[in-house]
There are 2 protein chains.
Amino acid sequence: MHKQWDIDSLTADIIKRIKERTLADKNGKLPSERKLMDYYNVSRYSLRQALSKLSKLGYIYQIQGRGSYIHEHRYQANLMTQSDLGFTEDLAREGKRIQTVGATQRIVSLSEIDFYPSNQQFSDDQLFIEVERFRTLEDKPYLVEHSYYLPEIVGEISEAAMYGSMFDYLSKEKGLTVGFIDKFIRCELLTESYAKFFQLATDMPSLTVRDDSYLREGELVAFSKIYYDYRNATLFMHKKLLD
Amino acid sequence: MHKQWDIDSLTADIIKRIKERTLADKNGKLPSERKLMDYYNVSRYSLRQALSKLSKLGYIYQIQGRGSYIHEHRYQANLMTQSDLGFTEDLAREGKRIQTVGATQRIVSLSEIDFYPSNQQFSDDQLFIEVERFRTLEDKPYLVEHSYYLPEIVGEISEAAMYGSMFDYLSKEKGLTVGFIDKFIRCELLTESYAKFFQLATDMPSLTVRDDSYLREGELVAFSKIYYDYRNATLFMHKKLLD
DNA sequence: GAGTGGTCTAGACCACTTA
DNA sequence: AAGTGGTCTAGACCACTCC
């Protein structure tokens, strides 16, 4: 039988085989692209799309004229990759349990917001739904999410949604599809209440990810800032040179 | 006449035209991919490679069935993008002047190093060339680079190279080509001497980028940690959903 | 239905490595 | 010379948007 592969399932299958160690030889060398094309019965384009993803995730590296090799990188706790970085980290994190242990919402005016999106002008009477969520990973403090939603787009936000995935909520209940997100990664000092959540002293730092979330149509729907415990949060990237 | 376009020059030309505002209509809508293919006389593949880069850089977004649009994002000082993140920020930064204002090097043993690469085992008698470089951007403190080079690969490092681009030095003087870099972005506390350079108090934070630099052949050649002034450093990323 | 971006195939040629 | 990854072309079909 011939399974049909799309790029995502192809990528997933290769990752699975890399982890099982059933694809590479004992030196960590993978079969050539031509052999993999035949094996999976996909075109060069599709195969290389998948290999490119594997490369960005740090699983392999490729050398022109020589071949593709597994790139071991030691397991690190709470390592986020660029592709992991979801709407507000609502994505499944390899079976780990993320819980919201506290959440508040209120309506605020322009003068009350703590930060702004990158390229938006608001009128003076613009209102926002301010949401603060305190979340744990495996029952340990993991992040604080401080968001502003635009009420004329999202309407009201139910209490139930506050404790679940905002991304799914907007998609399923409101029919809103987020198309892309601009991210600004910085290091900032914690306020007292956030520091307390992480059991840190006030003025200790935090790795922050500012998100500007846009609908597919290009409209800003929310902007937020996520604070991570600086002791735990690491963002991983892989850079290939000569591009 | 027909200029031949490769993907890099194609990408650069579209960026140029976006900035000049000579490509999009008044609503920020770009010509369709088919029109751009004809205009530049390239294949769909090449054009979409270029558009994909523009998308990751935050210049445009694309909507299936509708078209491609310019995505304005406000200019921010010292915004790094993932593709900017070079060997040690040696890349040209839009004409801004980066200078090394202090540099030291010494040979150290395994027990003396402050941090380790992600997936490497060293023998107990492994030696390293430790390099510390203090660098300014437009004469203001910008970053401190703390690196360990593997002497059996790079040999000695000349004093001249310490004040220039290590990347160019390895490439031109040593014939070593860095193929890829793993990056680990974190937030850490500054030591006294680094804090002093940034004119900050000790224990103030810093955005750090840990690099593991590998030769094209997959051998580790150096590992380093770059400390940025947390008040100035912002890393930009663009995430497209439904991938 | 026409036009748009998203995906995928088949094939070609090039640059580089290895033998 | 053979094999590898890197680049590029031409063309097809699909999913979605707009009229």
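- Proximity of Ser46(A) to the phosphate of dT7(C): no side-chain N or O atom is located under 4.0 Å from OP1 or OP2.
- In this structure, CG of Leu36(B) is placed 13 Å from P of dG6(C), rounded to the nearest angstrom.
- An OP1 or OP2 oxygen of dG6(C) is reached within less than 4.0 angstrom by a side-chain nitrogen or oxygen of Arg48(B).
- For Gln49(B), no side-chain nitrogen or oxygen approaches OP1 or OP2 of dT7(D) to under 4.0 Å.
- Around CD of Glu217(A), the count of heavy atoms belonging to other residues, nucleotides or ligands within 6.0 Å exceeds 12.
- Between Arg44(B) atom CZ and dT7(C) atom P there is a gap of 10 Å when expressed in whole angstrom units.
- One can place CG of Leu47(B) at 16 Å from P of dG11(D), the figure rounded to the nearest angstrom.
- Ring centroids of His71(B) and Tyr214(A) are separated by less than 6.0 Å, placing the two rings close together.
- With DNA chain C read from its 5' end, the first of the two nearest nucleotides for Asp6(A) and Gln64(A) is the one closest to Asp6(A).
- Within the 6.0 Å centre-distance limit, the rings of Tyr142(B) and Tyr228(B) are counted as a close aromatic pair.
- Contact annotation: Arg216(A) does not reach the phosphate of dG5(C) (side-chain N/O to OP1 or OP2, under 4.0 Å).
- Here the C1' atom of nucleotide dG5(D) and the CD atom of Glu217(B) are 14 Å apart, to the nearest Å.
- Dashed line: the shortest gap from a side-chain N or O of Ser43(A) to OP1 or OP2 of dA10(C) is not under 4.0 Å.
- The phosphate of dG6(C) (OP1 or OP2) has a side-chain N or O of Gln62(B) nearer than 4.0 angstrom.
- Whole-Å rounding puts the Arg34(A) CZ to dT4(D) C1' distance at 7 Å.
- Side-chain nitrogen and oxygen atoms of Lys240(A) include at least one within less than 4.0 Å of the OP1 or OP2 phosphate oxygen of dG6(D).
- Taking only side-chain atoms of Ser32(B), from C-beta outward, the nucleotide of dT4(C), dC8(C), dG5(D) with the closest atom is dT4(C).
- Side-chain N/O atoms of Lys35(B) include none lying less than 4.0 angstrom from OP1 or OP2 on dG3(C).
- Across all strands, Leu51(A) comes closer than 4.0 Å to no nucleic acid atom at all (heavy-atom distances).
- Between the C1' atom of dC16(D) and the OH atom of Tyr69(B) lies a distance of 13 Å, rounded to the nearest Å.
- The side chain of Arg66(A) places an N or O atom within less than 4.0 Å of a non-bridging phosphate oxygen (OP1 or OP2) of dT18(C).
- The closest side-chain donor-acceptor pair between Asn27(B) and Tyr69(B), if any, does not fall under 3.5 angstrom.
- Residue-level contact check: Ile7(A) touches the backbone only, with heavy atoms under 4.0 Å from sugar-phosphate atoms and none from bases.
- Residue Tyr45(B) places its side chain closer to dT9(D) than to any other of dT9(D), dG5(C), dG5(D).
- Salt bridge absent: Asp211(A) and Lys225(A) never bring a charged side-chain N and a carboxylate O closer than 4.0 Å.
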